[in-house]
Amino acid sequence: MKNSTEVVIIGGGIVGLCLAHQLIKRNISKNIIILEKEKSIGCHSSGRNSGVIHAGLYYKPNSLKADVCVSGGKRLKSWIKDNNLSINKCGKIIIPTKRELDNQLDLLLKRGIANGAKVELINDVQLKNMIPEAKCTTNRALWSPETAVIKPLEIMHSLENNLLDSGVQILKDTKNWELETELSQIRLKSNKIIKYSHLINCAGVQAEEIAKKFNIGSDYILIPFKGHYWRLKKECKIKISTNLYPVPDLNVPFLGVHFTPTADNIPIVNIGPTASFCLGRENYFNYKGIEPIRSSTNLRILIDQYLQNKDNFRGYVHKQAFLASPRLFLKAAQDLIPCIKMKDIERSQKVGIRSQLYNKKANSLEDDFLCLEGKNSTHLLNAISPAFTSSFSLADLIIDRSNFF
Ligand SMILES: Cc1cc2nc3c(=O)[nH]c(=O)nc-3n(C[C@H](O)[C@H](O)[C@H](O)COP(=O)(O)OP(=O)(O)OC[C@H]3O[C@@H](n4cnc5c(N)ncnc54)[C@H](O)[C@@H]3O)c2cc1C
């Protein structure tokens, strides 16, 4: 192992891997070490998401998300094609689940067009042709032909192999290291030292904690929101061959429970994810991962926000918490496919936790990606959806914003 490197990347998620790829491709650096605390890649968000390549409809024009989603999605599709990986080019329909949400279709259409996405309004006949069982509240829906579904882990493994071939060192199972920021070095548990010229922090749910060691990001605190999934049973008669999403509540950075066919040969249809507050940033299944003090601080913030009823947050958290009840989850699914019954669905093992930050100064959930500079370092915070879709372009954005490169 080298004891000095030009670039050290913290986190072997999709963003960390794409960063290393772009640094090499753009001839910026070949001297790269990735530190990954898990034994394999994809143990967190990048391996636990819906696998949707988003088309760029939701994001406010001029936001970082809007800047990187459309181009990132195209580049991810090129990577998939060049490497012969799986993709289900099934598109996406967005429907208003209530009459009063109908005008949001116009807003999403406008945003999509401004962001450079292909998107069109369709009528009830076109909707029923695609999904006969879909709810048709206002005889209108949005159709996004460029939305697709991929296999996230397959993509990550192909990137990992490509990086190893290019000489990038990926140090897995590397945890409990210490940062010595003044000396621009990392001390591993074995006492070995890695000196770096520049550090890029893309540690997902842990990124804001690492940033704080560089005295940046103090306005933000992580509020982990867990996403559970259900799926259609194999024997279910309802066949869904495209993504089906509700018009989302644009006051919160979540898209609502949706139906997503996978990119498998015989597609499974996932339903979800929910977005419920969880105790512990990596607490997927039980309470082992709880970080008591930090969690209780975050819980207090959540309660404060809840009581202040900011940005419809109260109603949203309330509704989401109830989705833990199978009956109410079914109701959320019935908002899209009214004829669906409990006998048609089953719980999936799939569960993910979002790297969602709360902005203490603005007193609201942070909506956009944050790319912050520290001493000899760049930090990507709030790497929520659509960071997987955007990863190649997001990597370029991080490189271009960094004073070092
Ligand atoms: C339920 C859910 C559904 C989603 N659906 C979609 C979707 O359909 N489409 C889309 O585009 N996006 C989606 N997203 C978002 C997307 O998955 C993430 O934005 C993206 O994967 C973030 O990638 P990342 O590399 O920043 O983080 P991660 O994948 O979390 O990677 C961070 C890595 O850093 C490592 N790490 C952390 N701390 C340390 C440390 N101290 N030392 C060493 N390594 C460390 C972790 O082990 C991890 O491997 C979804 C997310 C969730 C949770």
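Order of listing sets the numbers, starting from 1, for every ligand and every atom in it.
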Seminar exercise, completed: Between A383 and F369 the two heavy atoms that sit nearest each other are CA-CD2, 4.2 Å
Exercise. What do you reckon, does I10 have a nitrogen or oxygen under 3.5 Å from a nitrogen or oxygen of ligand 1?
Worked result: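 So ligand 1 has no N or O lying under 3.5 Å from an N or O of I10.
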Exercise. Would you say P273 and ligand 1 have an N/O pair spaced under 3.5 Å apart?
Worked result: no
Of the listed options ([options]), which comes nearest to [atom] when hydrogens are ignored and any heavy atom counts?
atom                    : options               : value
atom 7 (C) of ligand 1  : L179, L381, V52, L19  : V52
atom 32 (C) of ligand 1 : G272, C202, G352      : C202
atom 5 (N) of ligand 1  : S50, A275, P224, S355 : S50

Against heavy atoms of [X], which atoms of ligand 1 measure under 4.0 Å?
X    : value
I14  : 21 (O), 23 (O), 25 (O)
H54  : 7 (C), 8 (O), 9 (N), 10 (C), 11 (O)
E38  : 47 (O)
Q206 : 37 (C), 38 (N)
R354 : 53 (C)
H44  : 30 (O), 46 (C), 47 (O), 48 (C)
G13  : 25 (O), 29 (O), 31 (O), 33 (C)
L35  : 43 (C), 44 (N)

For this session: Quickly, which of F225, Y245, F277 forms a ring-ring contact (aromatic ring centres under 6.0 Å, His included) with F254? Name it, please.
Result: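 Only match with F254 under ring-ring contact (aromatic ring centres under 6.0 Å, His included): F225.
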Considering only non-hydrogen protein atoms, determine which one is nearest to [atom] and report residue, atom name and distance to 0.1 Å.
atom                    : result
atom 12 (N) of ligand 1 : S385 OG, 3.4 Å
atom 22 (C) of ligand 1 : A383 O, 3.6 Å
atom 6 (C) of ligand 1  : N49 CB, 3.6 Å
atom 41 (N) of ligand 1 : W177 CZ2, 3.4 Å
atom 39 (C) of ligand 1 : K37 CD, 3.6 Å
atom 48 (C) of ligand 1 : E36 OE1, 3.5 Å
atom 21 (O) of ligand 1 : S46 OG, 2.9 Å
atom 3 (C) of ligand 1  : Y229 OH, 3.4 Å

Show me the donor-acceptor pairs, under 3.5 Å and distance only, between side chains in residues 59-69 and residues at least two apart or in other chains.
{"unit_1": "S63", "atom_1": "OG", "unit_2": "K60", "atom_2": "O", "d": "2.6"}
{"unit_1": "S63", "atom_1": "OG", "unit_2": "A66", "atom_2": "N", "d": "3.1"}
{"unit_1": "K65", "atom_1": "NZ", "unit_2": "D367", "atom_2": "O", "d": "2.7"}
{"unit_1": "K65", "atom_1": "NZ", "unit_2": "S385", "atom_2": "O", "d": "3.4"}

Under 3.5 Å, side chain of [X] to main-chain N/O of [Y], donor-acceptor pair present?
X    : Y    : answer
N88  : T262 : yes
S46  : G13  : no
T242 : C90  : yes
S78  : K74  : yes
S348 : K350 : yes

For this session: Give the C-alpha distance, both sets of side-chain angles, the deciding distance and a yes or no for salt bridge (Lys or Arg N to Asp or Glu O under 4.0 Å) between E373 and R401.
Result: CA-CA 8 Å; E373 286 289 287; R401 289 209 163 189; over 6 Å; no
Exercise. Side chain or backbone of I384 under 4.0 Å from ligand 1, or both, or neither, by non-hydrogen atoms?
Worked result: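 The backbone, only.
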For this session: Would you kindly specify which portion of L380 sits under 4.0 Å from ligand 1, judged on non-hydrogen atoms: side chain, backbone, both or neither?
Result: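 The answer is neither; L380 stays 4.0 Å or more away.
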Could you establish whether [X] and ligand 1 come within less than 4.0 Å of each other, counting only heavy atoms on the residue side?
X    : result
K175 : no
F225 : no
G51  : yes

Exercise. What do you reckon, are the aromatic ring centroids of F392 and H21 less than 6.0 Å apart?
Worked result: yes
Exercise. Is the gap between the ring centers of Y220 and Y358 under 6.0 Å?
Worked result: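 They do not qualify: ring centres at least 6.0 Å apart.
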For this session: May I ask you to check if R48 and Y284 form a cation-pi contact, with NZ or CZ under 6.0 angstrom from the six-membered ring centre and within 45° of the axis?
Result: yes
For this session: Would you indicate whether the side-chain heavy atoms of Y58 and L255 approach each other to under 4.5 Å?
Result: yes
Exercise. Parallel under 30°, tilted from 30 to 60°, perpendicular over 60°: which one fits the rings of F404 and H198?
Worked result: parallel
For this session: Please list, chain by chain and in numerical order, all residues satisfying salt bridge (Lys or Arg N to Asp or Glu O under 4.0 Å) with K172, sequence neighbours excluded.
Result: E160
